Amino acid sequence: MSIEIGEVNGGPAVIGTAGGAVYGVLGFEVVGGRIAGLRTVVNPDKLAFLSRQLSHSGWPAGS
């Protein structure tokens with residue numbers, strides 16, 4: 001498993017991947033330069049969609 005920093009839904013996020021698939025996302029809601037909330041994504045359908053989107057974008061850099 002690897003952990004990458006990226007952007008999901010327009011905000012900063014930590015993305016956990018393994019074998020080219022996304023296994024979880026921790027998104028940060030930032031207000032006034034401070035973290036105001038955390039959002040997790042573990043829904044398999046949403047993660048599969050995100051995996052497809054990321055694979056088309058060449059993310060992560062160097063892949």
Side-chain angles (χ1 to χ4, degrees):
M1 181 165 215
S2 72
I3 303 295
E4 303 287 339
I5 305 295
E7 184 177 303
V8 175
N9 293 330
V14 176
I15 305 165
T17 63
V22 177
Y23 279 87
V25 174
L26 176 62
F28 297 87
E29 178 185 347
V30 179
V31 177
R34 296 179 181 244
I35 296 173
L38 299 173
R39 306 281 187 256
T40 57
V41 179
V42 294
N43 178 309
D45 294 328
K46 290 181 179 184
L47 294 174
F49 176 78
L50 180 59
S51 290
R52 289 190 302 274
Q53 295 300 308
L54 292 174
S55 71
H56 294 304
S57 72
W59 187 88
S63 66

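In what follows, residues are counted from 1 in the order of the sequence shown. Computed from a predicted structure; not experimentally measured.
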Practice task
Give me the other members of the hydrophobic cluster that Tyr23 sits in, counting Ile, Leu, Val, Met, Phe, Trp and Tyr linked by side-chain heavy atoms under 4.5 Å, directly or via other members.
Solution key: Met1

Practice task
Write out all pairs satisfying side-chain hydrogen bond (donor to acceptor under 3.5 Å, both in side chains) with one or both partners inside residues 41-52, taking only residues at least two apart or from two chains.
Solution key: none

Exercise for the section: Is it possible for you to say whether Leu38 and Val30 belong to one hydrophobic cluster, with membership spreading through side-chain heavy-atom contacts below 4.5 Å? Expected result: yes

Problem - Joint hydrophobic cluster, Ile3 plus Val42, side-chain heavy atoms closer than 4.5 Å - result: no

Problem - Of all pairs that satisfy salt bridge (Lys or Arg N to Asp or Glu O under 4.0 Å), the ones with a partner from residues 27-40, not counting sequence neighbours - result: Glu29-Arg39

Hey, can you pull the donor-acceptor pairs under 3.5 Å for the side chains in residues 6-20, sequence neighbours left out?
unit_1, atom_1, unit_2, atom_2, d
Thr17, OG1, Ser2, OG, 3.0

Practice task
Tell me, please, which residues at least two apart from Thr40 pass side chain to side chain contact (heavy atoms under 4.5 Å, CB included).
Solution key: Leu26

